[in-house]
Novice: 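Next up is a structure, given as structure tokens.
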Amino acid sequence: FGLVHGPALSTDGARVLTASADGTARVWDLRSGAELLRLNRHSSWVSAASFSPDGRRILTSSFDHTTRVWDARTAEELQVLRDPGGALVTASWAPDGRQVLTASADGTARLWDAATGRLRHALRGHQGALAAQLFAPDGRLAITAGADGVARLWDAESGAARGVLRADGAALRGAAVSPEGALLALASADHRVYLWALREGRLLRVLSGHRDAVTQVRFSPDGNLYLQTFSSLLALVATTFFAAACETLGARPKASARA
């Protein structure tokens, strides 16, 4: 296997997808633990893997400079997206499954047509490797975050730049958008999380107090914010600061604190 990381759950909750340093991604039956599929066309570390929103396809990205689209039932390889920029850090689906957004170690993100494999737009502007990329829930914005401490907003249809959000200079490690699309959370190597009003481009709160770099941020479906630090895979928190920020925007997710 090699190092296994990035488990992703299928939309029906029945299968788990893992990415591995041995160049494979694998699909597992959640109940029995049996291996259902093995995707083994990559020649290097698979850095990320995910199911499409409808659960019918799988996306894998790799340090071999390719992102691949697979049939989630048969393991047939449907498309190969060849990135000219360097090792691919991660890739994600648009909410409607029609586009793929990839992030490269050369600081360039790229928008691809998921059905044809055609490169639609190259998104340039970061100074350094990208750490995260994602779509807003409505699919209109693509968001990138990088080692240069900057998050950039892009029009997902035209590829045009739509905004720049700057942290305090420390490298960004992760990004997440709240389910209703109002909030953007940026995880930073300076041990903080920067919480932005996405539509206004306004910094709302800086969540601090961690003893280590924050490497991942995630919103749950009910709007709570989960943080992961470098030293712990289970550092979870939804703070009163987050609740106050939601009140400011009129969003009212369930408030809780978890550890």
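In what follows, every heavy atom counts, from backbone to side chain, and hydrogens, waters and symmetry copies are set aside. Everything quoted here is computed from the prediction, not taken from an experiment.
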Novice: Hey, mind stepping through Ile58 and Leu39 against side-chain contact (heavy atoms from CB on, under 4.5 Å) and telling me if it holds?
Specialist: CA-CA 10 Å; Ile58 289 170; Leu39 314 177; 3.7 Å; yes
Novice: Check whether any side-chain heavy atom of Leu204 sits under 4.5 Å from a side-chain heavy atom of Glu200, and report yes or no.
Specialist: no
Novice: Holding to side chain to side chain contact (heavy atoms under 4.5 Å, CB included), I want the full list of residues that pass it with Thr90, two or more places apart in sequence or in another chain.
Specialist: Ala48, Ala103, Gln133
Novice: Rounded to the nearest 0.5 Å, what separation is found between the CG atom of Leu172 and the CG atom of Leu130?
Specialist: 10.5 Å
Novice: Grouping I, L, V, M, F, W and Y whenever their side-chain heavy atoms are under 4.5 Å apart, do Phe51 and Leu59 come out in a common cluster?
Specialist: no
Novice: As a quick check of understanding, evaluate side-chain contact (heavy atoms from CB on, under 4.5 Å) for Leu134 and Leu101, giving each step before the final call.
Specialist: CA-CA 7 Å; Leu134 69 161; Leu101 177 62; 5.7 Å; no
Novice: Do you know which two heavy atoms are closest between Gly55 and Ala72, and how far apart they sit?
Specialist: O-CB, 3.4 Å
Novice: Could you check if a side-chain atom of Val27 sits within less than 4.5 angstrom of a side-chain atom of Val16, using non-hydrogen atoms only?
Specialist: no
Novice: Would you mind checking if Arg110 and Asp83 are paired as a salt bridge, meaning a charged N to carboxylate O distance below 4.0 Å?
Specialist: yes
Novice: Have Thr67 and Thr102 got a donor and an acceptor in their side chains that come within less than 3.5 Å?
Specialist: no
Novice: Keeping the roles fixed (side chain from His121, backbone from Ser158), state whether a donor-acceptor pair exists under 3.5 Å.
Specialist: yes
Novice: Looking at Gly125, is its backbone amide N or carbonyl O close enough to the side chain of Arg152 to form a donor-acceptor pair, meaning the two atoms are under 3.5 Å apart?
Specialist: yes
Novice: Should Ser61 and Ser47 be marked as a side chain to side chain donor-acceptor pair (under 3.5 Å) after you check the CA-CA gap, both sets of side-chain angles, and the distance that decides it?
Specialist: CA-CA 6 Å; Ser61 58; Ser47 54; 3.2 Å; yes
Novice: Should Val80 and Trp112 be regarded as members of a common hydrophobic cluster, given that ILVMFWY residues are connected when their side-chain heavy atoms come within less than 4.5 Å of each other, either directly or indirectly?
Specialist: no
Novice: Can you find a heavy atom in the side chain of Leu17 that is under 4.5 Å from one in the side chain of Leu37?
Specialist: no
Novice: For the CZ atom of Arg173 and the OG atom of Ser188, what is their distance to the nearest 0.5 Å?
Specialist: 8.0 Å
Novice: Using modelled atom types only, decide if a donor and an acceptor are shared between the side chain of Ser220 and the backbone of Asn224 within a distance under 3.5 Å.
Specialist: yes
Novice: Not counting sequence neighbours, which residues clear side chain to side chain donor-acceptor pair (under 3.5 Å) with Arg192? List them please.
Specialist: Asp168
Novice: Got a second to check how far Leu183's CG is from Arg205's CZ, nearest 0.5 Å?
Specialist: 11.0 Å
Novice: Between Leu141 and Arg162, is any pair of side-chain heavy atoms under 4.5 Å apart?
Specialist: yes
Novice: Quick test of your reading: applying ring-ring contact (aromatic ring centres under 6.0 Å, His included), list the pairs with at least one residue in residues 61-93, sequence neighbours left out, ordered by first then second residue.
Specialist: Trp45-Phe63
Novice: Are Thr60 and His42 close enough that a side-chain donor and a side-chain acceptor fall under 3.5 Å?
Specialist: yes
Novice: Please list all pairs passing the ring-ring contact (aromatic ring centres under 6.0 Å, His included) test where one or both residues lie in residues 125-161, with sequence neighbours left out.
Specialist: none
Novice: Sequence neighbours excluded, which residues qualify as side chain to side chain donor-acceptor pair (under 3.5 Å) partners of Arg120?
Specialist: Gln99, Glu157
Novice: How close do Ala8 and Ala49 get, heavy atom to heavy atom, and via which atoms?
Specialist: CB-O, 3.9 Å
Novice: First locate atom CD1 of Ile143, then atom CG of Leu165, and finally report the distance between them rounded to the nearest 0.5 Å.
Specialist: 8.5 Å
Novice: Walk me through whether Leu198 and Val177 qualify under side-chain contact (heavy atoms from CB on, under 4.5 Å).
Specialist: CA-CA 8 Å; Leu198 183 57; Val177 178; 4.1 Å; yes
Novice: Do the side chain of Ser52 and the main chain of Arg56 share a donor and acceptor less than 3.5 angstrom apart?
Specialist: yes
Novice: If you look at every heavy atom in Ser10 and Ala14, which pair is closest and at what distance?
Specialist: OG-N, 3.3 Å
Novice: Can Asp155 and Arg140 be said to form a salt bridge (Lys or Arg N to Asp or Glu O under 4.0 Å), step by step?
Specialist: CA-CA 6 Å; Asp155 186 293; Arg140 296 179 181 178; over 6 Å; no
Novice: With clusters built from Ile, Leu, Val, Met, Phe, Trp and Tyr whose side-chain heavy atoms come within less than 4.5 Å, directly or transitively, what are the remaining members of the cluster of Val150, listed by chain and number?
Specialist: Val164
Novice: Are Leu123 and Leu111 side-chain neighbours, meaning at least one heavy-atom pair lies under 4.5 Å?
Specialist: yes
Novice: Please report the shortest heavy-atom distance between Ala94 and Pro53, naming the atom on each side.
Specialist: O-CG, 3.4 Å
Novice: Atom CG in Leu30, atom CG in Leu9: separation rounded to 0.5 Å?
Specialist: 6.0 Å
Novice: Can you give me the closest heavy-atom contact between Ala109 and Thr144, atom names plus distance?
Specialist: CB-CG2, 3.6 Å
Novice: Should Arg68 and Leu81 count as side-chain neighbours, where that means a heavy-atom distance under 4.5 Å?
Specialist: no
Novice: Donor-acceptor pair, distance only, cut-off 3.5 Å: does the side chain of Arg57 make one with the backbone of Gly97?
Specialist: yes
Novice: Taking side chain as C-beta onward, heavy atoms only, is Val46 less than 4.5 Å from Thr18?
Specialist: no
Novice: How far does CZ of Arg98 sit from OG1 of Thr116, to the nearest 0.5 angstrom?
Specialist: 11.0 Å
Novice: Determine the minimum heavy-atom distance between Pro95 and Ala136, stating which atoms define it.
Specialist: CG-O, 3.5 Å
